[in-house]
K.L.:
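The following block contains the structure, expressed as structure tokens.
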Amino acid sequence: MANHHVNPVASQDTETLVKRLAGPSTGKAGLAKDQTETNRIIAEASKGSKFYENEKKKDKDLTGRIEKILKQRDDVLRGVDIKTVEQSADRLIAELESYRDLSQIIVHVDMDAFYANVELLDNSDLEGKPFGVGHGVLTTASYEARKYGVRSGMPGFIAKKLCADLVFVKNHFSRYMEMSKVVMSVFKRYDPNLLAAGCDEAYLNITTYCESHGLTAAECVQEMRRIAFQETKLSASAGIAPTKMLAKICSDKNKPNGQFELPSNKESILSFLHDLSIRKIPGIGRVNERLLESIGIQTCGDIFIHRATIFLMEKQFGRQYLFRTYLGITSNVVEPMARGGRKSIGAERTFSSLSDKGKIFNKLDEIAVELEKDMEENGWAGRTVTLKFKLDTYQVFTRAKSFDRWISRKEDLYTTGKELILPEFPLTIRLIGLRVTKLKDLRAPSEPTNGIKRFFEPLQSGQPRKKAKLEQGETDMNFIGYDTALDDDLEDVMPGFHENDENDHHLDQEIVETLVPETNLIARQCATIPRPPAPTPSIHSSLMKVDAKQHLASSSISGPSSSRTIKPHSLSDTARPTMSPAGDPGQILKTGVETHACPICGKTLRTDNQGINSHIDFCLSRGAIREARDEARTAKKATFSGFKLTDKGKEKGRK
DNA sequence: GGGTGACTCCTGG
DNA sequence: TTCCACCAGGAGTCACCC
Ligand SMILES: Cc1cn([C@H]2C[C@H](O)[C@@H](COP(=O)(O)OP(=O)(O)OP(=O)(O)O)O2)c(=O)[nH]c1=O
Ligand SMILES: [Mg+2]
């Protein structure tokens, strides 16, 4: 040991691993007194567990992945004139700048410690005490508990270590839904067209409300929060800004029970973003944070510094996504999701590890019963059944089967699940789940958006493939075309550059199709809803439409006539309030891909390196003989340590 | 070549 | 007492089909 650290854990674990173990929702509001001490306790408590080993492996895989990225970066940067590339990037950025729209007042409201504060309503004994909601893993924690570093998603036993006096409270999901409805109904008074982005948060466009009531944005939001509190005794925090993304970031600034307004001008926005950690950007999670960090990007301001690298590595990093993030030019459209709502419905359960076939089938049976009930109660059927299982090593796998008929009965679910897991034995699992996709809305026939569905029974879900295809290679909000002169300029540095050109002018139509496959009805309705005028109407609408779909995508809201923001049925306390998360800009990192045969089972593996490695690990973990193991290890090393780029998409694009 | 199914990864509440 | 949940969506890749 060359170095003597103050802290024995930190000297053994890498920094990244310690951070990883601290969980996904660190850096959140409710500051712990000492983050490194907290992390130390967490790492200490985790040490040696299977969970810990799995996290360690994931951390290692990611580190390997980063090495490849860096290698690619060096290749791409070799011999090019940085200044020239930067000029190209600058032109793209200038082009994007022209789309800035500061005309709207967008608000993001988010309830404070939602589940915890609802629990507080019903149990005043908890007042002032540090407590966590949930057993096993916490869904959230009271602000008193957060002072000790207790967080959402944290296992109870670690939380207890951080705070010895911690009290545990059970979840009451139906109660949360109930309060969610009340709160949303208050918000709706300020924008009837609001976008519910979860059971405790919503986006609003208050431009017209402020105008017609002669209020400033801050006054309006202050009043809204006051009334919400009056009617529910629950506090909320809010952000005010010209776009949804900025508003969301702002709503965290003065949490709890506060609000923050970002002045609506370019200078304020740029300086606000300049020192902001990239991790605060919705869509950039733990992995992308590390990926970006590896090329020197930690704050939004760093995006500009490294614009040349980003510009040349479109395949790895979403260029327009990052540049637009840097500029703060993102969607400002707030409208309820068009009908199309749910994409999947499922159930899964964790238990103490099981190997016995009969016992596992019993668990599967319970899941099937539960899922059937849920589907029945909410009126769904589907064509694809996906089995999910987690080994006692914490590796997760899925197996799927599709039908040409609608599945909803328990018996079908169970038999399919059984059929899917049977070839996997022997194995030891700690979780099993079923999920049904390609949904059909059994309650749809009466709804206006359903159109011809009634006669042809097409798939309920839209055509995500088409959408993906359309925007592929542009990653996120990158449908904005730049002029062709720029393209030509880039052609020599950036082959395969044109892949989306021919699509650009079809965009508007494509989007309408995506939103409402059958009739167009909702799209038309949305289009005619009077909204404050935007400076560049055509661009505004196309920009925002795409954005609404992908930057802030989907929630289970129905069309204008019915308002199904919330599950309409009484919810048992075991069922969670589900509303699709909004704010997913998609994957930023794209992976190079190879195919290979598994050295153990011989099966052709068609996936990326991680998939291959995990498959091999899987084969190993289910009891392959020692010889095979060694062989596999060496084969694995030989085959996958070098990064062969067989980018099919690129070849296609060039043809 | 485009559509589809199976699978994995990433993110967020 | 709780020993790392459960729900959901987007995206990307492969093989396979026509
Ligand atoms: C983050 C997270 C939230 N939830 C639930 C519980 C939360 O109360 C609810 C809302 O999520 P959040 O709004 O992320 O968290 P919060 O409202 O508890 O705290 P705050 O907004 O003040 O930071 O969603 C989970 O079940 N699992 C999770 O991992
Ligand atoms: Mg909240």
Side-chain angles (χ1 to χ4, degrees), chain A residues 21 23-25 42 45-46 49-52 54-55 58 61 110 114-115 132 134-140 152-161 166 168 170-171 173 197-201 282-288 342-350 352 383-384 386 388 390 394 396-402 430-431 433 435 437-438 459 461 463-469 471-473 475-476 549-551 553-556 574-595 604-608 610-612 614-615 647-649 652 655:
Chain A
L21 287 167
S25 57
I42 295 173
S46 308
S49 65
K50 287 183 174 166
F51 177 82
Y52 173 84
N54 190 247
E55 292 298 300
K58 285 200 283 190
D61 288 352
D110 186 310
F114 187 53
Y115 290 6
H135 52 275
V137 170
L138 306 181
T139 52
T140 194
S152 282
M154 182 177 279
F157 78 99
I158 287 181
K160 193 78 181 174
K161 281 203 165 67
L166 192 69
F168 291 90
K170 281 198 208 124
N171 280 115
F173 296 112
C199 72
D200 88 321
E201 60 188 87
I284 297 186
R286 289 194 281 178
V287 171
N288 281 312
R342 224 206 257 243
K343 299 286 191 296
S344 77
I345 182 167
E348 66 187 60
R349 213 56 53 192
T350 294
S352 49
R383 287 189 50 225
T384 302
T386 303
K388 171 178 172 182
K390 177 150 56 181
Y394 288 89
V396 176
F397 299 88
T398 62
R399 299 286 179 262
K401 178 174 179 179
S402 289
R430 68 183 332 271
L431 171 146
R435 170 157 237 94
T437 53
K438 310 292 163 58
L459 297 183
S461 58
Q463 260 64 50
R465 291 296 192 135
K466 190 159 197 177
K467 188 173 85 74
K469 185 73 193 168
E471 287 139 12
Q472 188 222 24
T475 309
D476 185 22
K549 257 321 223 197
Q550 51 178 180
H551 168 230
S554 71
S555 82
S556 43
T574 53
R576 284 167 195 264
T578 63
M579 256 179 286
S580 322
D584 188 2
Q587 208 166 300
I588 293 181
L589 183 272
K590 303 163 188 177
T591 45
V593 168
E594 311 170 64
T595 56
T604 304
L605 306 171
R606 63 255 195 274
T607 174
D608 59 25
Q610 287 158 348
I612 291 169
S614 86
H615 171 90
D647 197 334
K648 281 258 171 80
K652 247 195 239 167
K655 242 187 177 175

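Letters A, B, ... are given to chains in the order of the sequence lines, protein chains preceding strands, and every chain is numbered from 1.
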K.L.:
Whether A:R576 contacts C:dA5 is assessed here as follows: a side-chain N or O lying under 4.0 Å from the phosphate OP1 or OP2. Is that the case?
P.N.:
no

K.L.:
How long is the line joining NZ of A:K388 and C1' of B:dC7, in whole Å?
P.N.:
13 Å

K.L.:
Just to confirm, is there a sub-4.0 Å distance from OP1 or OP2 of C:dC7 to any side-chain nitrogen or oxygen of A:R349?
P.N.:
yes

K.L.:
In whole Å, what is the span from the CD atom of A:E55 to the P atom of C:dA5?
P.N.:
10 Å

K.L.:
Distance check needed: B:dG13 C1' versus A:D110 CG, whole Å only.
P.N.:
9 Å

K.L.:
Is A:T384 reaching over with its side chain to a backbone N or O of A:K401, donor-acceptor style, under 3.5 angstrom?
P.N.:
no

K.L.:
I need the CG-P distance between A:D200 and C:dA8, as an integer number of Å.
P.N.:
17 Å

K.L.:
Drop me the distance from A:I345's CD1 to A:R435's CZ, to the nearest 0.5 angstrom.
P.N.:
8.0 Å

K.L.:
Grab the CG-P distance between A:N54 and B:dT8 for me, whole Å please.
P.N.:
14 Å

K.L.:
Within the sub-3.5 Å range, which N or O atoms of nucleotides 1-4 of chain C have a protein N or O partner, and how far apart are they?
P.N.:
residue : atom : partner : partner atom : Å
C:dC4   : OP1  : A:R430  : NH2          : 2.9
C:dC4   : OP2  : A:Y394  : OH           : 2.6
C:dC4   : N4   : A:S46   : OG           : 2.6

K.L.:
Can you tell me which nucleotide in C:dC6, C:dA8, B:dG5 comes closest to the side chain of A:S344?
P.N.:
C:dA8

K.L.:
To the nearest Å, give me how far apart CZ (A:R399) and C1' (C:dC14) are.
P.N.:
14 Å

K.L.:
Please report, rounded to the nearest Å, how far the P atom of B:dG5 is from the NZ atom of A:K343.
P.N.:
15 Å

K.L.:
Got a minute to check which stems DNA chain C is part of, using Watson-Crick or G-U wobble pairs under 3.5 Å, three or more consecutive?
P.N.:
B:1-13 with C:6-18

K.L.:
Would you mind telling me which of C:dG9, B:dC10, B:dA6 lies closest to the side-chain atoms of A:A400?
P.N.:
B:dA6

K.L.:
Are OP1 or OP2 of C:dG9 and a side-chain N or O of A:R342 less than 4.0 angstrom apart?
P.N.:
no

K.L.:
If I take atom CZ in residue A:R286 and atom P in nucleotide B:dG13, what distance separates them, rounded to the nearest angstrom?
P.N.:
14 Å

K.L.:
Below 4.0 angstrom from OP1 or OP2 of B:dC10, is there any side-chain N or O of A:N288?
P.N.:
no

K.L.:
Which nucleotide sits closest to the side chain of A:T398: B:dA6, B:dT8, B:dG13?
P.N.:
B:dT8

K.L.:
Choosing from B:dC10, C:dA5, B:dA6, which nucleotide comes nearest the side chain of A:V287?
P.N.:
B:dC10

K.L.:
Touch check for A:A159, heavy atoms < 4.0 angstrom, all strands: base, sugar-phosphate only, or nothing?
P.N.:
nothing

K.L.:
Which pair of heavy atoms, one from A:I158 and one from A:I42, lies closest together, and at what distance?
P.N.:
CG2-CG1, 3.9 Å

K.L.:
Under a 3.5 Å distance rule, please check whether A:K160 uses its side chain to pair with a backbone N or O of A:L166 as donor and acceptor.
P.N.:
yes

K.L.:
Mind listing the closest non-hydrogen atom pair of A:A575 and A:F173 along with its distance?
P.N.:
O-CB, 2.8 Å

K.L.:
Name the closest nucleotide to the A:K438 side chain, picking from B:dG5, B:dC10, C:dC7.
P.N.:
B:dG5

K.L.:
Is the closest side-chain heavy-atom distance between A:F114 and A:T140 below 4.5 Å?
P.N.:
no

K.L.:
I'd like the C1' distance from B:dG12 over to C:dA5, given in whole Å.
P.N.:
14 Å

K.L.:
So does A:T140 get a side-chain nitrogen or oxygen closer than 4.0 Å to the phosphate oxygens (OP1/OP2) of B:dG13?
P.N.:
no

K.L.:
Does a nitrogen or oxygen in the side chain of A:R435 sit under 4.0 Å from OP1 or OP2 of C:dA8?
P.N.:
yes

K.L.:
Report the residue from A:K58, A:E55, A:R430 that forms a side chain to side chain contact (heavy atoms under 4.5 Å, CB included) with A:Y394.
P.N.:
A:R430

